[in-house]
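As the structure is a computational prediction, the values presented were derived from the model and not from experiment. Values below: all heavy atoms of this structure, side chains included; hydrogens, waters and symmetry mates excluded. Numbers here are sequence positions counted from 1.
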Amino acid sequence: MPPLNIEAELNGPQLKAVTSLEGPVLIIAGAGSGKTRVITYRMARMLETGIHQSNILSLTFTNKAAREMEKRVKELTGKKLHNLTVSTFHAFGLKILREEIECLDGYRKNFSIYDETDRMQLVKDSLRECRLSVEGVDLYSLGQTFSNIKIGRYRWSDAPEAAALSSAPAGTADSSWEPVYREYQQSLKVYNALDFDDLLTLPIAIFEGFPAVREKYRARYRYIMVDEFQDTSLIQYRLMRLLAGRNICVVGDDDQSIYSWRGANYENIVKFEADFPDVKEIKLEQNYRSTTTILEAANGVISNNTNRKEKRLWSGKKEGKPIELVYPRNESEEADFIAGRITDLRLQDNLRYDEFGVLVRTNSMIRIIEEAFLAQNIPYKVSGGTSFFQHKEIKDIISYLRIIANSNDDVNLLRIINTPRRGIGKGAITGIGELARKNQSCLWDAMMRFRFADAGDGQLAMFGQDGLSPGKVKAEIDEFVNLIEFFRSEMIRAQGRKGWTLSEQVRSLVNNIDYRSYLASEYSKNEKIARWKFTNIEYLIQSIVRWESDPDNLDPGLYPYLNRISLITRDDGEDEAEKGKVNLMTIHASKGLEFPVVFIAGAEAGIIPHERSIEEGEGTIEEERRLFYVAITRARDKLYISSCRKRRRLQSTVECQPSPFLEEIPPHLIGQQEDDSGKSEEEKAAEFFALMREKFN
């Protein structure tokens, strides 16, 4: 590969950012200013100057972003990068724990990672263990409280106003839930399992408790970069600070900090400047994405925030088309307008469907737009839907794999012990649970005790509650245990055997438990659903084949595979079938994306800014303004903003006022357009065919 010609490829501030390799560096990267380009060129520059790839750590927020960065660095350098670490914070925490978790008392290296479904099940079980009813408890809110306690955002409080999850003062939680939290934590440890928060908190515990371990990693990662720094939480900053030496570079934009509700703290930029007083600050203000019109609108809005780094985006592109504000009568006409304009613009400007982005403030606004798209035969995809790995049939097979990997995992064991149905009913499961509690063991150990118990043991009487004799239950448990042990041997101990592949072992498991027949019986009245669900199983197996075939995958075994899918997030990958569709999503989900044409729907007071932000004060209003700024800067060439005059809320229709943020857009940038959703079908048809004639003439 020829040496990098970075002087020809980068503008002045970008070049300064790429070549400033030593010491602390803060890069303020405005929207569309080539942030990813700078980060990847910076890594390539490090490698070119002789810094070893094993000494570089680049942290970002999504697996997709990490893959894209690594791919670009490979393309720039032409090197194999097996020792370069480009990772999310959580994946990096997992890497540390795989090597060092046995420093912490009671943990073993073959731990499981619970996803959100497994975690909610454990919260339920913890409530029951504390003899509390699950009924009436908001499990999601309780789970969020546990998360906030664990990462240090909340502390327990005995204050009367903290008596309900929903009304606890900011930063506190009702201490009556503390026993449930302790039970939850203890259960995780007993099951040798971690939740996602543990992937950050436990590495911190290791680094703080074992200085020699921390110094080992400090010596290894001498050059650290953090992307999307404005989105880091306090605990992520703490992990970074423990690891960072002198050569630390953070890249972010305080104007795009929109995730405070999940712990992000844009003030980490201020904290960074205090911790590294000799920091070199570099601003990237040239935008390569949007027209001057769109950037002036974005600057006009965000300049009303007071707590921000001063910057002003500019573009070398032409002025561009005016922003169009539309005031439809209601949300149905708004949806029809969006669908109609997409249809028209495809013909007028020869655009593909996937070049349109439709952004909404809340998920509840999506349904009415979906209906309009369906009515006009517009293909679309909704970001943030159910993950493939959350479908029941996929979770069932993955649960088998988790138990094969770690039999101490009670949550996944309970999921599959009678799936497909076998003679281990509720009575038997209750009996196993009682044995586990009596002996303070996991369910798997309790099953082993039962298998080898003396026939006269009085404990076995409880296993006849399902109408089966203890002997019959024992035979069913024997068969289940033998199944797991057989595949443990095939998937773990036999790895490396000639011709061995994980995908074939998973296929063998699916056939062995006859999962196809199970689906057929579960959906006996709808054969199509059963077929579709089994097709998902086939897709899972094919995805394992692709993963195994990746030449960069040096360890295609069961443990790495389970770790990989535990870290998969909704942003991961894009199914081929999803391409060529209009992108319908929340503004939060759109961050990092760009589209030639963007529609912002529902720009009304009470929606954006959200009505809660008015109650919570100026700081929240400023975050809502940043959210609107992010929405505007997703557009490359054309931006439409719609604000309904009326909108249906709950069971009534209410009068709406335009968002106050609309008044912050300089008036000369706006070209108002009358909504045509009230036109007759004949008028719309005549206009459509006129466009067709113009296009083909």
Considering all heavy atoms, the nearest [X]-[Y] contact:
{"X": "Ser176", "Y": "Pro179", "value": "O-CD, 3.4 Å"}
{"X": "Glu622", "Y": "Asn307", "value": "OE1-N, 3.5 Å"}
{"X": "Val137", "Y": "Ser133", "value": "CG2-O, 3.5 Å"}
{"X": "Cys656", "Y": "Cys644", "value": "CB-O, 3.1 Å"}
{"X": "Tyr400", "Y": "Leu509", "value": "CB-CD2, 3.7 Å"}
{"X": "Ile149", "Y": "Ala173", "value": "CD1-CB, 4.3 Å"}

Output yes when a side-chain donor or acceptor of [X] lies under 3.5 Å from a complementary backbone atom of [Y], and no otherwise.
{"X": "Tyr237", "Y": "Thr232", "value": "no"}
{"X": "His588", "Y": "Ile258", "value": "yes"}
{"X": "Thr586", "Y": "Ala589", "value": "yes"}
{"X": "Thr201", "Y": "Asp197", "value": "yes"}
{"X": "Lys189", "Y": "Asp105", "value": "yes"}
{"X": "Asn192", "Y": "Arg108", "value": "yes"}
{"X": "Asp138", "Y": "Ser141", "value": "yes"}
{"X": "Arg415", "Y": "Ser399", "value": "no"}
{"X": "Asp198", "Y": "Leu202", "value": "no"}
{"X": "Asn418", "Y": "Arg421", "value": "no"}

Is there a side-chain contact (heavy atoms from CB on, under 4.5 Å) between Leu593 and Asn583? Walk through the geometry before answering.
CA-CA 10 Å; Leu593 303 176; Asn583 301 276; 6.0 Å; no
Is the shortest side-chain heavy-atom distance between [X] and [Y] below 4.5 Å?
{"X": "Pro609", "Y": "Phe661", "value": "yes"}
{"X": "Val358", "Y": "Ile600", "value": "no"}
{"X": "Met447", "Y": "Leu435", "value": "no"}
{"X": "Glu604", "Y": "Ile607", "value": "yes"}
{"X": "Lys381", "Y": "Leu584", "value": "no"}
{"X": "Cys130", "Y": "Leu127", "value": "no"}
{"X": "Gln236", "Y": "Leu200", "value": "yes"}
{"X": "Arg361", "Y": "Leu627", "value": "yes"}

Is [X] atom [atom1] crowded by more than 12 heavy atoms from other residues, nucleotides or ligands, each under 6.0 Å away?
{"X": "Glu116", "atom1": "CD", "result": "yes"}
{"X": "Arg422", "atom1": "CZ", "result": "yes"}
{"X": "Lys271", "atom1": "NZ", "result": "no"}

For the residue pair [X] and [Y], confirm or rule out a side-chain donor-acceptor distance under 3.5 Å.
{"X": "Asp396", "Y": "Thr419", "answer": "no"}
{"X": "Glu370", "Y": "Tyr380", "answer": "yes"}
{"X": "Asp231", "Y": "Tyr259", "answer": "no"}
{"X": "Asn439", "Y": "Ser441", "answer": "no"}
{"X": "Thr145", "Y": "Asn148", "answer": "no"}
{"X": "Tyr184", "Y": "Asp125", "answer": "no"}

Looking at [X] and [Y], does any basic side-chain N land under 4.0 Å from a carboxylate oxygen?
{"X": "Arg449", "Y": "Asp445", "value": "no"}
{"X": "Lys591", "Y": "Glu228", "value": "yes"}
{"X": "Glu99", "Y": "Lys109", "value": "no"}
{"X": "Glu178", "Y": "Arg182", "value": "yes"}
{"X": "Lys438", "Y": "Glu434", "value": "no"}
{"X": "Glu183", "Y": "Arg128", "value": "no"}
{"X": "Lys150", "Y": "Asp195", "value": "yes"}
{"X": "Glu331", "Y": "Lys646", "value": "no"}
{"X": "Arg647", "Y": "Glu655", "value": "no"}

Gap between atom [atom2] of [Y] and atom [atom1] of [X] - 0.5 Å precision:
{"X": "Ile529", "Y": "Leu519", "atom1": "CD1", "atom2": "CG", "value": "11.0 Å"}
{"X": "Tyr629", "Y": "Glu623", "atom1": "OH", "atom2": "CD", "value": "15.0 Å"}
{"X": "Ile206", "Y": "Leu97", "atom1": "CD1", "atom2": "CG", "value": "5.0 Å"}
{"X": "Ser157", "Y": "Asp174", "atom1": "OG", "atom2": "CG", "value": "8.0 Å"}

Check step by step if side-chain contact (heavy atoms from CB on, under 4.5 Å) holds for Ile417 and Ile432.
CA-CA 11 Å; Ile417 195 169; Ile432 293 166; 4.2 Å; yes
Out of the candidates Ile416, Asn536, Ile537, only one should pair with Ile397 under the side-chain contact (heavy atoms from CB on, under 4.5 Å) rule; please name it.
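Filter result, single survivor: Ile537.
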Step by step, work out the side-chain hydrogen bond (donor to acceptor under 3.5 Å, both in side chains) result for Gln230 and Asp254.
CA-CA 6 Å; Gln230 78 283 345; Asp254 52 337; over 6 Å; no
Aromatic plane relationship, Trp156 with Phe146 - under 30° parallel, 30 to 60° tilted, over 60° perpendicular
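Taking Trp156 first and then Phe146, their aromatic rings stand perpendicular (interplane angle over 60°).
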Is the terminal nitrogen or CZ of Arg98 (NZ for Lys, CZ for Arg) located under 6.0 angstrom from the six-membered ring centre of Phe111 and within 45° of that ring's axis?
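The answer is yes; both the distance and angle limits are met.
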Less than 6.0 angstrom from the centroid, inside 45 degrees of the normal: does Arg488 satisfy that with respect to the ring of Trp444?
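Here Arg488 passes the 6.0 Å and 45° test against Trp444.
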Please test Asp409 against Tyr114 for side-chain contact (heavy atoms from CB on, under 4.5 Å), starting from the C-alpha separation and ending with a verdict.
CA-CA 9 Å; Asp409 185 343; Tyr114 280 6; 2.7 Å; yes
Test log, rule salt bridge (Lys or Arg N to Asp or Glu O under 4.0 Å), inputs Glu208 and Arg238
CA-CA 11 Å; Glu208 291 181 338; Arg238 191 169 152 202; 3.1 Å; yes
Steps toward side-chain contact (heavy atoms from CB on, under 4.5 Å) verdict (Ile608, Ile587):
CA-CA 11 Å; Ile608 185 163; Ile587 301 173; 3.9 Å; yes
Could you tell me whether Tyr515 and Tyr518 have their ring centroids closer than 6.0 angstrom?
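Close enough - the centres of the two rings lie under 6.0 Å apart.
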